[in-house]
Amino acid sequence: MDWQALGLTLRLAAVTTALLLALSVPLAFWLVSTRSRLRPLVEALTTLPLLLPPTVLGFYLLVLMGPRTPVGRAWIALTGHPLAFSFSGLVAGSILYSLPFAVQPLTAGFAAVDPALLEQARLLGAGRWRILREVLLPLSVRSVVTAAVLAFTHTVGEFGVVLMIGGDIPGSTRTLSIVIYDQVQSFAYAEANRTALMLVVVALAGLIALSMLQRTTWLAPSAEVRRD
């Protein structure tokens with residue numbers, strides 16, 4: 001087992017999940033509350049990674065992160081290093097690739113909240129962000145947990161985007177999915193089987209944990225809109 005690649009894979013999934021939740025919560029809130037004509041376009045863009053082949057998404061990200069593009073030049077000016085073929089580049093690509101796995105459960109959870117509760121919160125003087133923080137999120141804890149588990153497990157098994165924008169740099173961009181590819185290329189099928197089994201175990205453990213958490217009482221919806 002390549003323990004360095006395992007550690008890098010888990011670190012990538014953890015960082016991606018944390019940043020993805022921070023991005024997805026306000027995005028899902030905007031999607032369920034806005035009447036903007038841009039909503040169909042934004043919904044389509046957030047769902048697109050589900051339909052695109054990972055290599056296609058990875059190719060465009062690689063082009064976007066290139067040292068001659070505005071994004072690439074700005075990153076180099078800020079950090080002194082190129083974004084492509086780096087751990088930061090993997091995080092950026094993983095966030096985009098796993099975006100629908102976080103946004104869709106959150107959107108479904110927010111949309112299921114009784115509109116009467118939201119109206120009561122507005123009548124009590126709560127603003128949009130306070131409604132999100134004190135009403136929607138407490139009533140959508142299961143959706144938040146679901147989004148976190150799906151984003152984490154999906155990132156753990158990511159291959160196409162990682163290969164395109166990260167390559168195969170040990171200790172920097174070489175995740176378990178890349179290790180499996182290398183082992184198969186070397187005809188080391190027994191080792192590839194053990195590495196693949198590790199990914200299966202991580203994904204299965206995530207789904208079992210999600211199923212168990214959904215049944216726990218501390219995830220039961222509870223919310224109170226307070227009057228200052």
Checklist entry - Hey, mind stepping through S36 and W30 against side-chain contact (heavy atoms from CB on, under 4.5 Å) and telling me if it holds? => result CA-CA 9 Å; S36 171; W30 183 82; 3.9 Å; yes

Non-hydrogen atoms of [X] and [Y] that approach each other most closely:
X    : Y    : answer
A102 : A147 : O-CB, 3.5 Å
A28  : L106 : CB-CB, 3.7 Å
L21  : A148 : CD1-CB, 3.8 Å
P138 : L132 : CD-O, 4.4 Å
T153 : V202 : CG2-O, 4.2 Å
T173 : G166 : OG1-O, 2.6 Å

Item to check | Steps toward side-chain contact (heavy atoms from CB on, under 4.5 Å) verdict (V91, I95) | outcome: CA-CA 6 Å; V91 172; I95 288 174; 4.0 Å; yes

Within one Ile-Leu-Val-Met-Phe-Trp-Tyr cluster: [X] and [Y], side-chain cutoff 4.5 Å:
X    : Y    : result
F152 : L99  : no
I165 : V15  : yes
L150 : L137 : no
W3   : L12  : no
W75  : F87  : yes

Main-chain N/O of [Y] paired with [X] side-chain donor or acceptor, under 3.5 Å:
X    : Y    : answer
T34  : L31  : no
T9   : L176 : yes
T46  : V42  : yes
R73  : R68  : yes
S186 : A188 : no

Checklist entry - Should the pair F101 and H154 be assigned to parallel (<30°), tilted (30 to 60°) or perpendicular (>60°) ring geometry? => result parallel

Checklist entry - For Q183, which of D2, T195, N193 qualifies under side chain to side chain donor-acceptor pair (under 3.5 Å)? => result T195

Item to check | Donor-acceptor side-chain pairing of S86 and S88 below 3.5 angstrom | outcome: no

Checklist entry - Looking just at side-chain N and O atoms, do T155 and S98 make a donor-acceptor pair shorter than 3.5 Å? => result yes

About how many Å separate [atom2] of [Y] and [atom1] of [X], when rounded to the nearest 0.5 Å?
X    : Y    : atom1 : atom2 : value
E119 : L124 : CD    : CG    : 10.0 Å
S143 : Q104 : OG    : CD    : 12.0 Å
F85  : D168 : CZ    : CG    : 11.0 Å
L50  : L57  : CG    : CG    : 11.0 Å
M164 : Y60  : CE    : OH    : 10.5 Å
L8   : Q4   : CG    : CD    : 7.5 Å

Is the shortest heavy-atom distance from the side chain of [X] to the side chain of [Y] under 4.5 Å?
X    : Y    : value
V156 : L199 : yes
P82  : P67  : no
E158 : P54  : no
I131 : R122 : yes
E43  : V103 : no
P49  : L96  : no
V63  : F59  : yes
F159 : I178 : yes

Next on the checklist: Run L118 and L136 through side-chain contact (heavy atoms from CB on, under 4.5 Å) and show every step you take.
Outcome noted: CA-CA 8 Å; L118 305 181; L136 282 177; 3.9 Å; yes

